[in-house]
Amino acid sequence: MTPVLEMRPPAAAPKGVLDVAGVGVGPFNLSIAALLDHVQGIEARFFEKKQKFAWHQGLMFPGSILQTSFLKDLVTPVLPTSPHSFTAFLVEKKRFYDFLSGRFTGVTRMEFNEYLQWVSGRLESLVFGEEASAVRLDGNRLRLEFAGGRTELTRNLIAGAGMMPFFPPCTAPHVGPDCFHAGTYLSHPRSFAGKRVAVIGGGQTGAEIVLDLLTRSEGAPAHVSWISNLARFSPLEEGGFVDQVFTPGYVSAYQTLNDDARRSEISGQKLASDGITPITVDTLFAEIYRRRHLMGENCISLLPGRNLEAMDRQNGSFLLRTRALPSGGDEFYNADIVILATGARPALPACLEPLRSRMDLDANGLPVLDASYRIQWDGPAGVSLFGLNLGLSSHGIVDPQMSLMAWRSAVIINALTGQDVFDVSAGPELVDWPKRLPDETPMTRAAS
Ligand SMILES: Cc1cc2nc3c(=O)[nH]c(=O)nc-3n(C[C@H](O)[C@H](O)[C@H](O)COP(=O)(O)OP(=O)(O)OC[C@H]3O[C@@H](n4cnc5c(N)ncnc54)[C@H](O)[C@@H]3O)c2cc1C
């Protein structure tokens, strides 16, 4: 394998001290590990609590399609010659020609997971079955403590522990076998036979679960209520101009904006990443049409524009109170099972709690990141904490998804090594995104 850079000789770290440790091996840290495999002189280990790589298994429906191009894999956007690419996977699995013959508009999440697993089996820097329980400062090093009592010393750390499932506050007292987060939908098989099921959340996950409930050959529910606080069940915004949001150039323009403008960008671009994949919309709509008009079944209530406000247990089932948006009227629905397709929120991984008081935190209590994903804190010079899935505010709508995953990994590796190992500069942008120039006044922008 050709190294992509002439690295300085291995860092003069005392024996037994890692240059960098990663907490969690999801796609994001896996991408960093795959790119670091090309970088000499960096002692890295990535620790994952699961026994082997697995990507959102609880939602791995056989037909679910990746919302991102397979070319935006772990490595290709910054190192297309890497043997850890999706194309290399297809070639090694002897399915390259069949894959092309398929003329697929998208890759299934199942196949992308297989690719991710394949890469995870090729990297020596990954350690499975190790749960990081705490990170503490130990002189000018970080001490990573594991659930089993073992420790590792490292000079830098990359937090890649994923996001926290979000439970609407009124659901908290009821969470259990009959009220659960969508993330566990397939990992704990349940019977829905003859039950009234409420699915809360109108995004891709909610849509996939509703589709699964309506098309079950066995154990189909009696009725599904699909409740969403969005004004309608909206498809993902797609197309060349939308995809321009998922470019390094967009991120750098976004980073010039003030907090108010950033918030408005994030909400304005929401459907570019949170909408429902068009093929899921079409399949689901056709199924609902068939059941309602051809079979004469009242199998589903479509309830957008409603916020779940309250939930009570009554005679063994749930009574849900929703508030219609924007009229404010209350409505009530009964359900035997409530599935919370309510997404996940960024959160500081629990193991970093010992260092929280030393971090700059934003209004949401999340660490502030610089442009290189470094958590801003008052630790010693040369000891960096990097945050994955913590940069919605600092890097915009691209942060929680995989479109710029390899680019982000390259930015972090450049910061880690202090060298331009990878070219992460933005090319000439097609779209001139709104920016706030450092000394901008309305007149200077208009005149330029
Ligand atoms: C169902 C679903 C489908 C998605 N599809 C797409 C898509 O098509 N395109 C797209 O761009 N984005 C998609 N996303 C969004 C995003 O790409 C994924 O959420 C992605 O998995 C984020 O990767 P991650 O590495 O940050 O986190 P995760 O995948 O959540 O991985 C974090 C890992 O950290 C481990 N961990 C946590 N705490 C510890 C600890 N203390 N010690 C050790 N290990 C720990 C966890 O076990 C886990 O394996 C999807 C998200 C979901 C939920």
Side-chain angles (χ1 to χ4, degrees), residues 27 55-70 72 104-113 163 165-166 168 181-186 192 197-216 221 223-246 266-292 299-308 322 325 338-345 392 396-403:
W55 181 48
H56 297 313
Q57 288 299 287
L59 287 164
M60 196 54 78
F61 298 102
S64 295
I65 303 294
L66 196 67
Q67 289 189 325
T68 328
S69 163
F70 64 86
K72 292 177 174 175
F104 304 120
T105 49
V107 176
T108 59
R109 287 212 300 266
M110 213 167 226
E111 186 165 25
F112 203 70
N113 179 53
M163 296 214 267
F166 175 68
H181 195 271
T184 63
Y185 182 75
L186 292 175
F192 300 104
V197 179
V199 177
I200 316 295
Q204 177 67 19
T205 296
E208 289 183 3
I209 288 177
V210 170
L211 181 59
D212 182 71
L213 290 169
L214 294 187
T215 53
R216 284 173 164 245
H223 187 83
V224 176
S225 299
W226 190 15
I227 299 172
S228 167
N229 61 8
L230 300 173
R232 56 189 177 277
F233 299 109
S234 297
L236 193 70
E237 286 181 351
E238 287 187 321
F241 294 121
V242 176
D243 279 357
Q244 284 290 302
V245 167
F246 304 109
I266 289 170
S267 63
Q269 307 287 7
K270 195 168 167 54
L271 288 177
S273 76
D274 282 1
I276 307 170
T277 307
I279 192 171
T280 310
V281 173
D282 291 348
T283 314
L284 183 52
F285 191 87
E287 178 63 15
I288 292 170
Y289 181 94
R290 189 182 71 82
R291 299 279 293 270
R292 183 69 67 84
C299 59
I300 185 164
S301 301
L302 297 169
L303 303 165
R306 289 156 174 89
N307 197 48
L308 179 63
T322 64
L325 308 168
V338 177
I339 303 174
L340 302 168
T342 41
R345 302 256 164 109
L392 184 61
I397 197 80
V398 299
D399 193 67
Q401 57 129 298
M402 291 187 286
S403 269

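- No side-chain heavy atom of Leu230 sits less than 4.5 Å from a side-chain heavy atom of Pro304.
- Phe241 meets the side chain to side chain contact (heavy atoms under 4.5 Å, CB included) test with no other residue; sequence neighbours excluded.
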Kindly indicate, with the supporting measurements, whether the criterion side-chain contact (heavy atoms from CB on, under 4.5 Å) is fulfilled by Arg109 and Met60.
CA-CA 7 Å; Arg109 287 212 300 266; Met60 196 54 78; 3.8 Å; yes
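- The shortest side-chain heavy-atom distance between Phe104 and Phe70 does not fall under the 4.5 Å cut-off.
- Proximity of a side-chain donor or acceptor of Asn229 to a complementary backbone N or O of Gly305 within less than 3.5 Å is not detected.
- At least one side-chain heavy atom of Pro221 sits less than 4.5 Å from a side-chain heavy atom of Leu213.
- Side-chain contact check for Leu214 versus Cys299: some heavy-atom pair is nearer than 4.5 Å.
- Residue Ala207 comes nearest to Ile276 through the heavy atom pair CB-CG2, 3.6 Å, listed as atom of the first residue, atom of the second, then distance.
- Using a 4.5 Å cut-off on side-chain heavy atoms (C-beta onward), Thr108 and Leu66 make no contact.
- In terms of heavy-atom proximity, Ile65 sits nearest to Gly106 at CG2-CA, 3.8 Å.
- Judged by distance alone, the side chain of Thr342 and the main-chain N or O of Phe166 form a donor-acceptor pair under 3.5 Å.
- With rounding to the nearest 0.5 angstrom, the CD atom of Glu238 is 7.5 Å from the CG atom of Asp243.
- Atom CZ of Arg345 is surrounded by 12 or fewer heavy atoms from other residues, nucleotides or ligands within 6.0 Å.
- Closest of all the heavy-atom pairs between Ile397 and Leu392 is CA-CD1, 4.1 Å.
- In this structure, Ser225 OG and Arg306 CZ are separated by 10.0 Å, a value rounded to the nearest 0.5 Å.
- Side-chain contact between Leu303 and Ser228: absent, with no pair of heavy atoms (C-beta onward) separated by less than 4.5 Å.
- By the 4.5 Å heavy-atom criterion applied to side chains, Ile339 and Val197 are counted as neighbours.
- Summarising the geometry of Ile209 relative to Phe61, their closest heavy-atom pair is CG1-CZ, 4.0 Å, with the distance given to 0.1 Å.
- Trp55 places no side-chain N or O within 3.5 Å of a backbone atom of Met110 that could act as its donor or acceptor partner.
- Between Tyr185 and Phe192, the ring-plane angle classifies as parallel under the 30° and 60° cut-offs.
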Any chance you could lay out the side-chain contact (heavy atoms from CB on, under 4.5 Å) test for Ser403 and Thr68, step after step, and finish with the verdict?
CA-CA 6 Å; Ser403 269; Thr68 328; 3.4 Å; yes
Extract all donor-acceptor atom pairs below 3.5 Å that involve side chains of residues 277-288 and protein atoms in other chains or at least two apart in sequence.
unit_1: Thr277; atom_1: OG1; unit_2: Gln67; atom_2: NE2; d: 2.9
unit_1: Thr277; atom_1: OG1; unit_2: Gln204; atom_2: OE1; d: 3.1
unit_1: Thr280; atom_1: OG1; unit_2: Gln204; atom_2: NE2; d: 3.2
unit_1: Thr283; atom_1: OG1; unit_2: Ile279; atom_2: O; d: 2.6
unit_1: Glu287; atom_1: OE1; unit_2: Arg290; atom_2: NE; d: 3.3
unit_1: Glu287; atom_1: OE2; unit_2: Arg290; atom_2: NH2; d: 3.0
unit_1: Glu287; atom_1: OE2; unit_2: Arg291; atom_2: NH1; d: 3.4

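- Here the shortest heavy-atom pairing between Gly183 and Leu59 reads CA-CD1, 4.1 Å.
- Judged by distance alone, with hydrogens and angles left aside, the side-chain atoms of His223 form no donor-acceptor pair with the main-chain N or O of Ala198 at under 3.5 Å.
- Between Leu340 and Pro168, the closest side-chain pair of non-hydrogen atoms falls below 4.5 Å.
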